[in-house]
Colleague: 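The structure follows.
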Protein chains: 2
Amino acid sequence: MAPFGDRRIDDSACQQIQCVLELIGQRWTGAILIVAARGARRFSEYRTMVDRVFDRLLAVRLRALEAVHLIERTVIPSTPVQIRYAPTSAGVELVTALQPLMDFAQRHVITPTAAPRSDG
Amino acid sequence: MAPFGDRRIDDSACQQIQCVLELIGQRWTGAILIVAARGARRFSEYRTMVDRVFDRLLAVRLRALEAVHLIERTVIPSTPVQIRYAPTSAGVELVTALQPLMDFAQRHVITPTAAPRSDG
DNA sequence: CTGAATCCAATAGGATACTG
DNA sequence: CAGTATCCTATTGGATTCAG
């Protein structure tokens, strides 16, 4: 991700937030976190709510969120085994911190196609 | 936010915020917007403040932000010509909305390497 | 100074098939 | 149900060079 090292954007917070942004800015990731905060728990629930995300990517995203302790994965020994993905307290905090941004997003719709990406 | 249950995430405000997240989650983009709100104006100022960003990418990012009207580009006829990139009111609003997220980022440091990306 | 053009390597991500 | 394996294409982003 961002190899922010010695001195970049003026000290402190910017590199931290860029890391967070680059994490949840990955496709579906923010959405996954939000549905987690809304109560999604099982793999299939996430798959249903975040429509169009494929299994592979959903698994990758959940693992990424687990790796940074925003989501906790729990195996429930039943038949068949259930897996539960619940947001950690940090995960809930993050979604809460996202609220002003959600309000902004509703006031100013950003069309995906309007933003040119890298090459082209 | 609407209680979980009835709708897919795509139908709600979540798709909107995901668009915003995917935009500013691109490398350097959030940082660029933040330094813009902090007062950066000229190309070289951005280049200096967001250290390590290359000209091409900085230009791409600025154009992307301009395309969605978060930054405004103005040509000042002088010798040599000066180009000024200033945040629009929406851009300032966005950075303001980012504040809680910045606070979060300082409380919970997300280590970049801890998050696996796509294939692996 | 302010970029645009180009080339290239790495990564992200869509889609399908398969498994315990 | 809850993933993994695999394949393949598109996108990203680093680095350099060129130009008004």
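So you know, we letter chains A, B, ... as the sequences are listed, proteins then strands, and number each from 1. These numbers were taken from a predicted model, which means no experiment stands behind them.
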Colleague: Figure out the CG/P separation between B:L57 and D:dT16, and round it to whole Å.
Modeller: 15 Å

Colleague: Apply the test side-chain contact (heavy atoms from CB on, under 4.5 Å) to residues A:V81 and A:V75: give CA-CA distance (whole Å), side-chain angles for both, the deciding distance (0.1 Å), then the verdict.
Modeller: CA-CA 7 Å; A:V81 159; A:V75 178; 3.6 Å; yes

Colleague: Rounded to the nearest Å, what distance is computed from the CG atom of residue A:L58 to the P atom of nucleotide D:dA5?
Modeller: 16 Å

Colleague: Rounding to an integer number of Å, can you tell me how far B:R27 CZ sits from C:dA9 C1'?
Modeller: 13 Å

Colleague: Let me know the distance between CD1 of A:I76 and C1' of D:dA2, rounded to the nearest Å.
Modeller: 13 Å

Colleague: Taking atom types as modelled and ignoring hydrogens, do the side chains of B:E22 and B:Q18 form a donor-acceptor contact shorter than 3.5 angstrom?
Modeller: yes

Colleague: Return the polar atom pairs (N/O with N/O) between nucleotides 2-5 of chain C and the protein under 3.5 Å, or none.
Modeller:
{"from": "C:dT2", "atom 1": "OP1", "to": "B:R42", "atom 2": "NE", "distance (Å)": "2.9"}
{"from": "C:dT2", "atom 1": "OP1", "to": "B:R42", "atom 2": "NH2", "distance (Å)": "2.8"}
{"from": "C:dT2", "atom 1": "OP2", "to": "B:S44", "atom 2": "N", "distance (Å)": "3.1"}
{"from": "C:dT2", "atom 1": "OP2", "to": "B:S44", "atom 2": "OG", "distance (Å)": "3.0"}
{"from": "C:dG3", "atom 1": "OP1", "to": "B:R73", "atom 2": "NH2", "distance (Å)": "2.5"}
{"from": "C:dG3", "atom 1": "OP1", "to": "B:Y85", "atom 2": "OH", "distance (Å)": "3.1"}
{"from": "C:dG3", "atom 1": "OP2", "to": "B:Y85", "atom 2": "OH", "distance (Å)": "2.3"}
{"from": "C:dG3", "atom 1": "O5'", "to": "B:Y85", "atom 2": "OH", "distance (Å)": "3.4"}

Colleague: Report the residues that fulfil side-chain hydrogen bond (donor to acceptor under 3.5 Å, both in side chains) with B:E66, sequence neighbours left out, ordered by chain and then residue number.
Modeller: none

Colleague: Can A:R42 and A:I83 be said to form a side-chain contact (heavy atoms from CB on, under 4.5 Å), step by step?
Modeller: CA-CA 6 Å; A:R42 305 193 54 183; A:I83 316 282; over 6 Å; no

Colleague: Please check if any side-chain donor atom of B:E93 sits under 3.5 Å from a side-chain acceptor atom of A:H108, or the reverse.
Modeller: yes

Colleague: Measure the distance from CD on B:Q26 to P on D:dG14 and round it to the nearest whole Å.
Modeller: 12 Å

Colleague: For A:A37, enumerate each residue passing the side chain to side chain contact (heavy atoms under 4.5 Å, CB included) test, keeping only those at least two apart in sequence or located in another chain.
Modeller: A:V95

Colleague: Please state how far atom CZ in A:R61 lies from atom C1' in D:dA2, giving the value in whole angstrom units.
Modeller: 18 Å

Colleague: Give the rounded distance in Å between these two atoms: CZ of B:F54 and P of D:dT17.
Modeller: 12 Å

